[in-house]
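I have placed the structure first, in the form of structure tokens, so that the comments after it can refer back to it.
In this chain, numbering begins with 1 at the start of the sequence shown.
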Amino acid sequence: MIKRFILILACTLISMHKSEAQQTEQLTLYMFNQYGHNPAFAGMNSCFDIRLGYRMQWVGFDLAPRTGYANANMQIFKRRSRHNEKHGAGIKVMSDAAGPVSKTHFNLSYAYHFKLNRKLNMSAGLDAGFLQYKYDRSRVLIFDANDPAIDNGSSKLLLPDINAGLLLYNEKFFAGFVLKQVWRNDIKSIFPDSKLTHHYYINGGKEFSAKNGDLSIIPSVLLKFTRMSLPSLDFSLLFRFKDNLTAGLSYRNTDAVSALVKVNFLKQFSLGYAIDLVTSKVRYAGALGHEIVLGLRGCPISDRHNYECPVF
């Protein structure tokens with residue numbers, strides 16, 4: 001029954017193709033927060049995993065985008081069999097605001113993991129919850145009182161929210177696919193003639209380790225696209241030293257070059273930070289972006305056998 005669910009979910013993800021404009025949040029530290037955007041990562045490892053993060057985009061601009069998030073996931077059941085099946089669950093909260101518009105997500109997640117062969121695993125995950133849109137006219141800096149797009153005053157809208165993901169992975173490699181906003185809700189009560197649209201995420205990475213294991217190099221890519229908007233491509237190159245320090249660079253074709261660093265401390269904690277150097281026209285105003293994420297894991301980070309994917 002569960003494998004049938006995986007097949008149906010995979011076919012559904014591949015077949016859905018209609019989309020319009022970019023409506024989802026923009027984050028730089030995706031490599032340090034994989035479960036945050038792909039529910040198939042839920043329960044990846046044998047211990048619980050908690051992430052708290054905050055991002056400031058275009059610092060120095062009034063009402064510039066701000067994103068805060070908190071999530072936690074853990075393995076809830078594992079059955080030793082030929083397929084080594086296991087199940088994961090998680091919870092996510094995210095708040096994303098830009099100008100007069102803000103969104104709040106609350107989702108519960110489930111993921112099913114199983115072995116395809118001795119060296120490769122697969123998982124499928126689903127987020128389900130709700131999304132609240134809020135429009136605050138008082139935060140519109142310049143407006144035309146006769147413009148129907150902003151003439152409705154402040155309003156709120158509560159909608160169902162569903163995201164689905166697939167993942168292939170082993171100890172050195174991962175590749176994932178996510179469909180966000182599966183339920184294409186109308187938001188006409190806030191924006192005339194508007195509705196949410198499908199957003200597609202494709203990402204992957206591979207770890208290359210030195211013979212002594214003290215240094216690892218992890219290149220990764222994240223492609224986000226939807227119809228009627230320019231695809232966003234992030235390419236990151238990370239260097240991990242003795243499981244204590246990770247540092248590297250990231251390039252986003254639509255907006256920024258970023259420097260990233262993550263430090264592990266007190267055995268179970270990690271702290272990641274990214275600074276974005278804006279490459280779009282906004283750079284002429286000297287705008288920067290900052291993002292920080294704090295991680296807590298139930299297992300010591302140095303115990304690599306607890307983590308079945310290089311991003312962890």
By side chain to side chain donor-acceptor pair (under 3.5 Å), which residues pair with [X], not counting sequence neighbours?
X    : answer
Q57  : none
S102 : none
S95  : none
N38  : none

Closest approach of [X] to [Y] (non-hydrogen atoms, all atoms of both residues):
X    : Y    : result
P231 : T254 : O-CG2, 3.6 Å
G129 : N107 : N-ND2, 3.4 Å
N71  : G36  : ND2-CA, 3.8 Å

Would [X] and [Y] show up in the same hydrophobic cluster when neighbours are defined by side-chain heavy atoms closer than 4.5 Å?
X    : Y    : value
L277 : L249 : no
F48  : L266 : yes
M56  : L271 : yes
Y273 : V263 : yes
I76  : I50  : yes

Hey, could you give me the [atom1]/[atom2] distance between [X] and [Y], rounded to the nearest 0.5 Å?
X    : Y    : atom1 : atom2 : value
K224 : L230 : NZ    : CG    : 12.0 Å
F173 : L120 : CZ    : CG    : 7.0 Å
L260 : T246 : CG    : OG1   : 10.0 Å
W58  : R66  : CH2   : CZ    : 11.0 Å
Y35  : M74  : OH    : CE    : 12.0 Å
S250 : I275 : OG    : CD1   : 13.5 Å

Partners passing side-chain contact (heavy atoms from CB on, under 4.5 Å) against [X] (at least two apart in sequence or in another chain):
X    : value
I162 : L126, V182, W183
A128 : none
A247 : V261
N264 : K262, S270, I301

Can you confirm whether [X] sits close enough to [Y] that some side-chain heavy atom of one is under 4.5 Å from a side-chain heavy atom of the other?
X    : Y    : value
Q268 : L296 : yes
M94  : T67  : yes
L222 : Y201 : yes
F32  : L238 : yes
L27  : Y69  : yes
S46  : C299 : yes
H290 : Y54  : no
V293 : L52  : no

For this session: Show the numbers, then the answer: is there a ring-ring contact (aromatic ring centres under 6.0 Å, His included) between Y112 and Y110?
Result: CA-CA 7 Å; Y112 171 65; Y110 166 77; 7.3 Å; no
For [Y], does its backbone N or O pair with a side-chain atom of [X] as donor and acceptor, under 3.5 Å?
X    : Y    : result
T279 : D255 : yes
S123 : A40  : yes
E291 : A274 : no
D49  : R297 : no
K103 : E25  : no
H199 : T197 : yes
N253 : L233 : yes
N73  : G43  : yes
H113 : A42  : yes

Problem set entry | Candidates K92, H105, H37, K180 - the one meeting side-chain hydrogen bond (donor to acceptor under 3.5 Å, both in side chains) with D127 |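 The option that passes is K92.
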Exercise. Where do K119 and N170 land on the side chain to side chain donor-acceptor pair (under 3.5 Å) test, with the steps shown first?
Worked result: CA-CA 6 Å; K119 296 184 178 181; N170 60 24; over 6 Å; no
For this session: Please report the C-alpha distance between N203 and F174 in whole Å, then the side-chain angles of each, then the deciding distance to 0.1 Å, and finally whether the side chain to side chain contact (heavy atoms under 4.5 Å, CB included) criterion is met.
Result: CA-CA 8 Å; N203 78 317; F174 74 97; 3.3 Å; yes
For this session: Take L157 and L159 through the test side chain to side chain contact (heavy atoms under 4.5 Å, CB included) and record every step on the way to the result.
Result: CA-CA 7 Å; L157 182 62; L159 304 166; 3.8 Å; yes
Problem set entry | Partner residues of Y30 under the ring-ring contact (aromatic ring centres under 6.0 Å, His included) criterion, sequence neighbours left out |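 Residues passing ring-ring contact (aromatic ring centres under 6.0 Å, His included) with Y30: none at all.
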Exercise. Which residues satisfy the ring-ring contact (aromatic ring centres under 6.0 Å, His included) test with F77, sequence neighbours excluded?
Worked result: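 By the ring-ring contact (aromatic ring centres under 6.0 Å, His included) rule, F77 matches H87.
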Exercise. Does the cation-pi check pass for K267 over F265, that is, NZ or CZ under 6.0 Å from the six-membered ring centre and within 45° of its axis?
Worked result: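 Here K267 fails the 6.0 Å and 45° test against F265.
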For this session: Could you please spell out the steps behind the side chain to side chain contact (heavy atoms under 4.5 Å, CB included) verdict for F241 and L215?
Result: CA-CA 5 Å; F241 306 92; L215 173 66; 3.5 Å; yes
Exercise. Would F41 and L167 count as a side chain to side chain contact (heavy atoms under 4.5 Å, CB included) if you check the C-alpha gap in whole Å, the side-chain angles of each, and the deciding distance to 0.1 Å?
Worked result: CA-CA 7 Å; F41 276 90; L167 182 67; 3.7 Å; yes
Exercise. Once the angle between the rings of H198 and Y200 is folded into 0 to 90°, is it parallel (under 30°), tilted (30 to 60°) or perpendicular (over 60°)?
Worked result: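 Perpendicular: the ring planes of H198 and Y200 meet at over 60°.
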Problem set entry | Contacts of D276 that satisfy salt bridge (charged side-chain N to carboxylate O under 4.0 Å, His left out) - sequence neighbours left out |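 Residues passing salt bridge (charged side-chain N to carboxylate O under 4.0 Å, His left out) with D276: R55.
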Exercise. Does the pair E207/R240 count as a salt bridge with the N-to-O cut at 4.0 Å?
Worked result: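 Looking at E207 and R240, the cut-off is met.
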Problem set entry | Hydrophobic cluster (4.5 angstrom, side-chain heavy atoms) - remaining members for V93 |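 The other cluster members (ILVMFWY side chains, heavy atoms under 4.5 Å, direct or chained) are I91, F106, L108, F130, L158.
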